[in-house]
Amino acid sequence: MIERLGFVERLGFGVHGIVFLVESNEQVLLSAVKFHYQWAPYQRERDIYERLTDLEVTYLSGFETPRLLRADDELMALEMTVVSAPYVLNFAGAWLDFPPEFPEEVWQDWNRKNAEQFGSDWPAAQRILAELEEWQIYMLDPSPTNICFR
């Protein structure tokens with residue numbers, strides 16, 4: 001994957017990895033590559049993007065999602081299309097096929113925290129999370145940086 005890409009700039013980083021804007025050396029095409037720090041988050045995110053690809057999901061409640069272009073298990077890297085707001089991305093902390101089991105008070109705290117960080121956008125973010133759950137994808141770490149409204 002890497003030998004065919006030219007690094008343009010860093011787009012972001014977080015607890016699971018670092019993302020770069022890249023251009024293909026084979027054609028004029030910009031994409032994003034996320035390099036993961038650990039196998040488990042990489043595998044989760046890869047599997048979720050593969051599911052979204054198989055289902056031909058490119059939008060969730062009108063929010064664009066990146067399309068997986070390539071995955072490199074050796075490098076723990078995902079190459080994806082670049083998206084612009086509004087968008088949904090970053091599934092390294094999500095669960096696939098079944099939701100985690102937490103006590104009710106943990107879920108209440110989770111809802112309170114997310115309602116605070118999203119403010120008036122929280123109901124729309126909840127609709128996106130519900131749509132993901134229809135495909136058995138459970139995003140546990142929604143934030144205004146991975147469910148971006150503006």
Side-chain angles (χ1 to χ4, degrees), residues 1 5 7-23 29-73 75-150:
M1 172 191 298
L5 300 175
F7 290 83
V8 176
E9 67 181 277
R10 187 180 76 183
L11 291 176
F13 64 94
V15 67
H16 294 117
I18 187 167
V19 183
F20 293 95
L21 181 66
V22 297
E23 61 185 355
L29 171 72
L30 290 177
S31 57
V33 175
K34 181 174 183 179
F35 293 94
H36 293 76
Y37 302 134
Q38 297 177 326
W39 176 258
Y42 162 75
Q43 185 178 26
R44 285 192 303 264
E45 190 157 30
R46 181 202 63 200
D47 292 352
I48 288 169
Y49 277 118
E50 286 176 349
R51 177 165 296 171
L52 292 172
T53 298
D54 291 345
L55 294 167
E56 299 179 2
V57 173
T58 55
Y59 285 88
L60 295 161
S61 296
F63 285 58
E64 189 176 12
T65 61
R67 285 181 294 108
L68 180 65
L69 300 173
R70 288 185 277 217
D72 186 317
D73 291 349
L75 295 175
M76 295 188 302
L78 300 174
E79 183 180 6
M80 301 166 274
T81 58
V82 176
V83 295
S84 56
Y87 60 75
V88 179
L89 49 73
N90 190 1
F91 298 104
W95 286 51
L96 191 58
D97 295 327
F98 57 91
E101 294 185 27
F102 294 119
E104 184 59 34
E105 59 271 7
V106 171
W107 285 117
Q108 288 171 356
D109 187 54
W110 182 87
N111 272 302
R112 181 195 50 72
K113 181 189 85 158
N114 286 312
E116 287 174 9
Q117 74 173 338
F118 280 99
S120 62
D121 291 329
W122 181 228
Q126 286 178 300
R127 284 190 294 279
I128 292 167
L129 296 174
E131 191 171 345
L132 283 167
E133 289 179 12
E134 291 176 18
W135 293 297
Q136 296 183 334
I137 299 168
Y138 303 91
M139 183 182 259
L140 298 184
D141 59 346
S143 72
T145 58
N146 58 26
I147 299 179
C148 181
F149 285 80
R150 300 160 211 35

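For reference, positions follow the sequence shown, starting with 1. Predicted model, so just to flag it, every value in this text is computed and none were measured.
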- [ ] Check whether the side chains of N111 and Q108 place a donor and an acceptor atom closer than 3.5 Å, and report yes or no.
- [x] no
Task: Pair Y138, D97: side-chain N/O donor-acceptor within cut-off below 3.5 Å - done: no
Task: Criterion side-chain contact (heavy atoms from CB on, under 4.5 Å) against L78, the qualifying member of V33, L68, D72 - done: L68
Task: Option from R44, Q136, R51, E50 for which side-chain contact (heavy atoms from CB on, under 4.5 Å) with L96 holds - done: R51
- [ ] State whether the side chain of E131 and the backbone N or O of S61 hold a donor-acceptor pair below 3.5 Å, judged by distance alone.
- [x] yes
Task: Side-chain (Q117) to main-chain (P142) donor-acceptor, under 3.5 angstrom - done: yes
TODO: Could you pull out the closest heavy-atom pair between F91 and E45, with the gap in Å?
DONE: N-OE2, 2.9 Å
Task: Close aromatic pair by centroid cut-off 6.0 Å: F63 and F149 - done: yes
Open item on the list: Between the side chains of D121 and R150, is the shortest nitrogen-to-carboxylate-oxygen separation below 4.0 Å, so that they form an ion pair?
Closed with: yes
Task: N-O pairing of R112 and D109 below 4.0 Å - done: yes
Open item on the list: Rounded at 0.5 Å granularity, tell me how far CG in L60 sits from CG in L129.
Closed with: 9.5 Å
Task: S143 OG to N114 CG distance, which is reported to the nearest 0.5 Å - done: 8.5 Å
Task: Parallel, tilted or perpendicular: ring planes of W39 versus Y42, cut at 30 and 60 degrees - done: tilted
